[in-house]
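Inspection log for the structure reproduced underneath, given as structure tokens.
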Amino acid sequence: MLHKIEALRSEIAALTASDAAQVEELRIKYLSKKGLVAALFDQFRELPADQKRELGRPVNELKAFATDKINSLRDALGNNDDKAVGLDLTRTAAPMHTGTRHPLSLIREEIIAIFRRLGFNIAEGPEIEDDWHVFESLNFAADHPARDMQDTFFINRTPDVLLRTHTSSVQSRVMEHTEPPIRIICPGRVYRNEAVSARAHCFFHQVEALYVDKDVTFADLLQTLRYFAQEMFGPETKIRLRPSYFPFTEPSAEMDISCDLCGGKGCSFCKGTGWVEILGCGMVDPNVLDACGIDSKKYTGFALGMGVERIANLKYRVNDLRLFSENDVRFLDEFTGAH
Ligand code: DAH
């Protein structure tokens, strides 16, 4: 047996090949399952234990030698005459770093999905707007402070070109050219002239919802709000409405949800109140319907608007707004696997 091994070894040592096909032939002859090296292993397996102990190493060395020899014949040919040469299909793939979805996208998609289940469709409008759609049509008085350069980024004064300060502008755009029933949800980026800090940013994101039809009442709004809050924050979530003021809704309210961190008992997150504010809402002011060409005697509607960062803060406890736009992968990677 030892002789056989040595004979095979010198035979293999003398092998030459001039192209890839020959290398492959040799590989099959010596190293395939039915090749000469495998035949030797078959014989080896039949040997008594003491001979096995003696011959184990030479047999294995022969196999390694043959493998090296075939590989070096293949390497010596270079890669040019056969694409498969040098390509190791058995190698583990390099780990691929896939990106993660941005937390704001995750929240936006979740909000949209909830409203879609209620039959709302997505509507979008431009970020660069005019005074009419952002303010005038929405019943903002001529001297309303939001119209001040201090609060709004103006691109041009006459004619007015500005960056929208809220997604409510999409309401008026849609109402202008759509007959009710209207049931829309408007996600988008908005801009305000604010110094950037942990709690304020010069751009952020909102989602607006609008429902206009015959006989839409405050009860419809309430039910929609409750459904949204419980879908978004869990079935135990309670809501409460506080009277508020917005130029485009009458009556107006702000909605709080029970603080899910302390279960409503009061903690530092909810400043001891047990409630956290999440959105503004109300019944569309008849002036707004009329300004947009919808007969306010025939139709009523409700609207609501929320900040996506605010919801993300509640869900993911991200309390520095700047993190959302710095694109720091250490932050973004924390949302791997979030859905
Ligand atoms: N546009 C308001 C804002 O930016 C949010 C808002 C409040 C939207 C009440 C509405 C609403 O549609 O009814 O603060």
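Note that ligands are numbered from 1 as they come in the structure, with each ligand's atoms numbered from 1 the same way. Values below: all heavy atoms of this structure, side chains included; hydrogens, waters and symmetry mates excluded.
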For ligand 1, which atoms have a heavy atom of [X] less than 4.0 angstrom away?
X      : value
Gly280 : 7 (C), 9 (C), 11 (C)
Ser168 : 1 (N), 8 (C)
Gly282 : 13 (O)
Glu208 : 8 (C), 10 (C), 12 (O)
Gln171 : 12 (O)
Thr249 : 13 (O)
Gln206 : 3 (C), 4 (O)

Q.
Has Ser105 got a side-chain atom pairing as donor or acceptor with Arg101's backbone, closer than 3.5 angstrom?
A.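 The answer is no, because no donor-acceptor pair under 3.5 Å joins these two groups.
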Q. Side chains of Glu208 and Ser168: donor-acceptor distance under 3.5 Å anywhere?
A. yes
So, are [X] and [Y] salt-bridged, with charged N and O less than 4.0 Å apart?
X      : Y      : result
Arg242 : Glu277 : yes
Arg27  : Glu24  : yes
Glu136 : Arg147 : yes

Q.
Can you confirm whether Asp130 sits close enough to Val161 that some side-chain heavy atom of one is under 4.5 Å from a side-chain heavy atom of the other?
A. no
Q.
I'd like the name of whichever of Arg164, Met306, Arg192 reaches closest to atom 14 (O) of ligand 1 through any heavy atom.
A. Arg192
Q. Roughly how far, to the nearest 0.5 Å, is OG1 of Thr300 from CG of Asp285?
A.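 With rounding to 0.5 Å, CG (Asp285) is 12.5 Å from OG1 (Thr300).
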Q: Give yes if a backbone or side-chain nitrogen or oxygen of Ala303 is under 3.5 Å from a nitrogen or oxygen of ligand 1, and no if not.
A: yes
Q: May I ask you to check whether Thr165 has an N/O atom sitting below 3.5 Å from an N/O atom of ligand 1?
A: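 Min N/O separation from ligand 1 is not below 3.5 Å for Thr165.
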Q) What part of Val190 sits under 4.0 Å from ligand 1 if we count only heavy atoms: the side chain, the backbone, both or neither? A)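 For Val190, no heavy atom sits under 4.0 Å from ligand 1.
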Q. How does Phe248 reach ligand 1, if at all, at less than 4.0 Å between non-hydrogen atoms: by side chain, backbone, both, or neither?
A.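 Just the side chain.
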Q: Identify the two heavy atoms, one from Ala291 and one from Ser137, that lie closest to each other, and give their separation to 0.1 Å.
A: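 Scanning both residues, the minimum pair turns out to be CB-O, 3.9 Å.
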